[in-house]
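Only one structure is covered here, and it is reproduced in the block below.
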Protein chains: 2
Amino acid sequence: MQNKVEELRKCIGLNQEDLAKALKVSRQTISSIETGKYNPSLELAFQISDFFKKPIEEIFIYERGCENEKR
Amino acid sequence: MQNKVEELRKCIGLNQEDLAKALKVSRQTISSIETGKYNPSLELAFQISDFFKKPIEEIFIYERGCENEKR
DNA sequence: CATTTACGTAAAGGTAACTTTACATTTATT
DNA sequence: AATAAATGTAAAGTTACCTTTACGTAAATG
């Protein structure tokens, strides 16, 4: 899943460490999310969403497999 | 974190097993989410969102601590 | 050139999310 | 009363998320 955390973070002139502090997670967590090592938990996604004041869907891009429109 | 999975599921007349199959997870995962045992991963939250055709924020209610409007 | 700042990454460990299997309970049906 | 359908739950195992500590590197600064 792609995300715009790095872009949004740089947009407001923060480094990873400061964003990490603001979100109360480790810098490695931010780094790992930005580099796509793993996705945040739903809770952390909400915190990030709140911080940037954007909906989760605008920050995290879920790649929908074009599998005949499930359902 | 609260969620409306059970409500939305019943609204379309599905049982936990059928929803689980549609989402390709186990029935226990659905049960655990509905009873609040744990939150889904962000990926599963997106799948659930897609399935019910509602944004994540309308299905999962993140309890924001009233901590002086972080940031 | 030496130091600082920012970032990536790796190892080791803890907890959360998810699995399969299985059993118990409740509600409905026959 | 017996059976089936739907749900809750528990145990044991795997993988993902997140932590602390730490090291390497590249770019900027003194």
Side-chain angles (χ1 to χ4, degrees), chain A residues 1-67 70-71, chain B:
Chain A
M1 178 162 14
Q2 294 212 132
N3 72 75
K4 301 188 176 174
V5 173
E6 182 176 14
E7 177 185 335
L8 293 167
R9 172 177 61 81
K10 288 182 172 168
C11 203
I12 57 177
L14 285 185
N15 58 27
Q16 291 181 340
E17 194 167 1
D18 290 336
L19 177 58
K21 279 177 187 162
L23 297 172
K24 297 182 181 173
V25 295
S26 67
R27 179 180 66 84
Q28 287 70 8
T29 294
I30 300 299
S31 179
S32 296
I33 290 168
E34 287 188 359
T35 59
K37 278 197 78 176
Y38 50 65
N39 300 123
S41 64
L42 181 56
E43 192 170 3
L44 181 50
F46 265 110
Q47 289 168 218
I48 292 171
S49 168
D50 275 13
F51 184 82
F52 291 120
K53 304 197 189 304
K54 285 185 183 298
I56 287 176
E57 289 83 352
E58 273 183 41
I59 303 175
F60 298 94
I61 315 302
Y62 177 57
E63 277 105 27
R64 285 146 184 93
C66 288
E67 315 160 11
K70 288 188 199 174
R71 190 197 172 210
Chain B
M1 179 163 10
Q2 293 211 133
N3 72 75
K4 300 187 177 174
V5 173
E6 181 175 14
E7 177 184 335
L8 292 168
R9 172 178 62 81
K10 288 183 172 169
C11 204
I12 57 177
L14 286 184
N15 58 29
Q16 291 182 339
E17 193 168 1
D18 290 335
L19 177 58
K21 278 177 187 161
L23 298 172
K24 296 182 181 172
V25 294
S26 68
R27 180 179 66 82
Q28 286 70 9
T29 293
I30 301 299
S31 179
S32 296
I33 290 169
E34 287 188 358
T35 58
K37 276 198 79 176
Y38 49 67
N39 300 124
S41 64
L42 182 55
E43 191 171 4
L44 181 50
F46 265 111
Q47 289 168 218
I48 292 171
S49 168
D50 274 13
F51 185 82
F52 291 120
K53 304 198 188 304
K54 285 185 183 298
I56 288 176
E57 288 84 353
E58 272 184 41
I59 303 174
F60 298 95
I61 315 304
Y62 176 58
E63 278 106 29
R64 286 146 184 93
C66 288
E67 316 160 9
N68 328 8
E69 281 281 333
K70 287 190 202 173
R71 189 195 173 212

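Just the heavy atoms: all of them, side chains too, but no hydrogens, waters or symmetry mates, feed the values below. A note on names: the letters A, B, ... follow the listed sequences, proteins ahead of strands, and every chain is numbered from 1.
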Residue pair A:E57, B:E57: steps toward the side chain to side chain contact (heavy atoms under 4.5 Å, CB included) verdict: CA-CA 9 Å; A:E57 289 83 352; B:E57 288 84 353; 2.8 Å; yes
I'd like to know whether A:N3 forms a side chain to side chain contact (heavy atoms under 4.5 Å, CB included) with A:N39, so could you lay out the CA-CA distance, the side-chain angles of the two residues, the decisive distance to 0.1 Å, and finally the verdict. CA-CA 9 Å; A:N3 72 75; A:N39 300 123; 5.9 Å; no
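The closest side-chain heavy-atom distance from B:I48 to B:L19 is not below 4.5 Å.
Distance CD (B:Q16) to P (C:dT19): 13 Å, rounded to an integer number of Å. Rounded to whole angstrom, the span from the CG atom of A:N3 across to the C1' atom of D:dC17 amounts to 15 Å. Distance CD1 (B:I30) to P (C:dA17): 14 Å, rounded to an integer number of Å. A:F60 has its CZ atom 11 Å from the P atom of D:dC17, to the nearest Å. Here D:dA6 presents its P atom at 13 Å from CG of B:L19, a figure rounded to the nearest Å. Rounded to whole Å, the distance from CZ on B:R9 to C1' on D:dG8 is 12 Å. Counting to the nearest Å, the P atom of C:dT5 and the CG atom of A:L14 are 16 Å from each other.
The phosphate of D:dT20 (OP1 or OP2) has no side-chain N or O of A:S26 nearer than 4.0 angstrom.
Without hydrogens or angle criteria, A:S49 side chain to A:A45 main chain gives no donor-acceptor distance under 3.5 Å.
Taking a 4.0 Å limit (strictly below) on heavy-atom distances, residues 36-44 of chain A does not reach DNA chain C anywhere.
Evaluation of the salt bridge (charged side-chain N to carboxylate O under 4.0 Å, His left out) test over residues 5-14 of chain A, restricted to residues two or more places apart or in two chains, returns A:E6-A:K10, A:R9-A:E34.
Sequence order on DNA chain D of the closest nucleotides to B:E17 and A:S32 puts B:E17 first from the 5' end.
For B:E63, the CD atom sits in a packed shell: over 12 heavy atoms of surrounding residues, nucleotides or ligands are nearer than 6.0 Å.
Residues that satisfy the side chain to side chain contact (heavy atoms under 4.5 Å, CB included) test with A:T29, not counting sequence neighbours, are A:V25, A:S26, A:I33, A:Y38, A:L44. Residues satisfying the side chain to side chain contact (heavy atoms under 4.5 Å, CB included) test with B:K54, not counting sequence neighbours, are B:L8, B:E58, B:I59. In terms of the ring pair (Phe, Tyr, Trp, His ring centres under 6.0 Å) criterion, residue partners of B:F46 (sequence neighbours excluded) are, by chain and number, A:Y62.
Backbone-only contact: B:T35 has heavy atoms under 4.0 Å from sugar-phosphate atoms and none from a base.
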Output one letter per nucleotide in nucleotides 22-30 of chain D: B when a protein non-hydrogen atom lies under 4.0 Å from the base, S when only the sugar-phosphate is that close, - when neither is. B--------
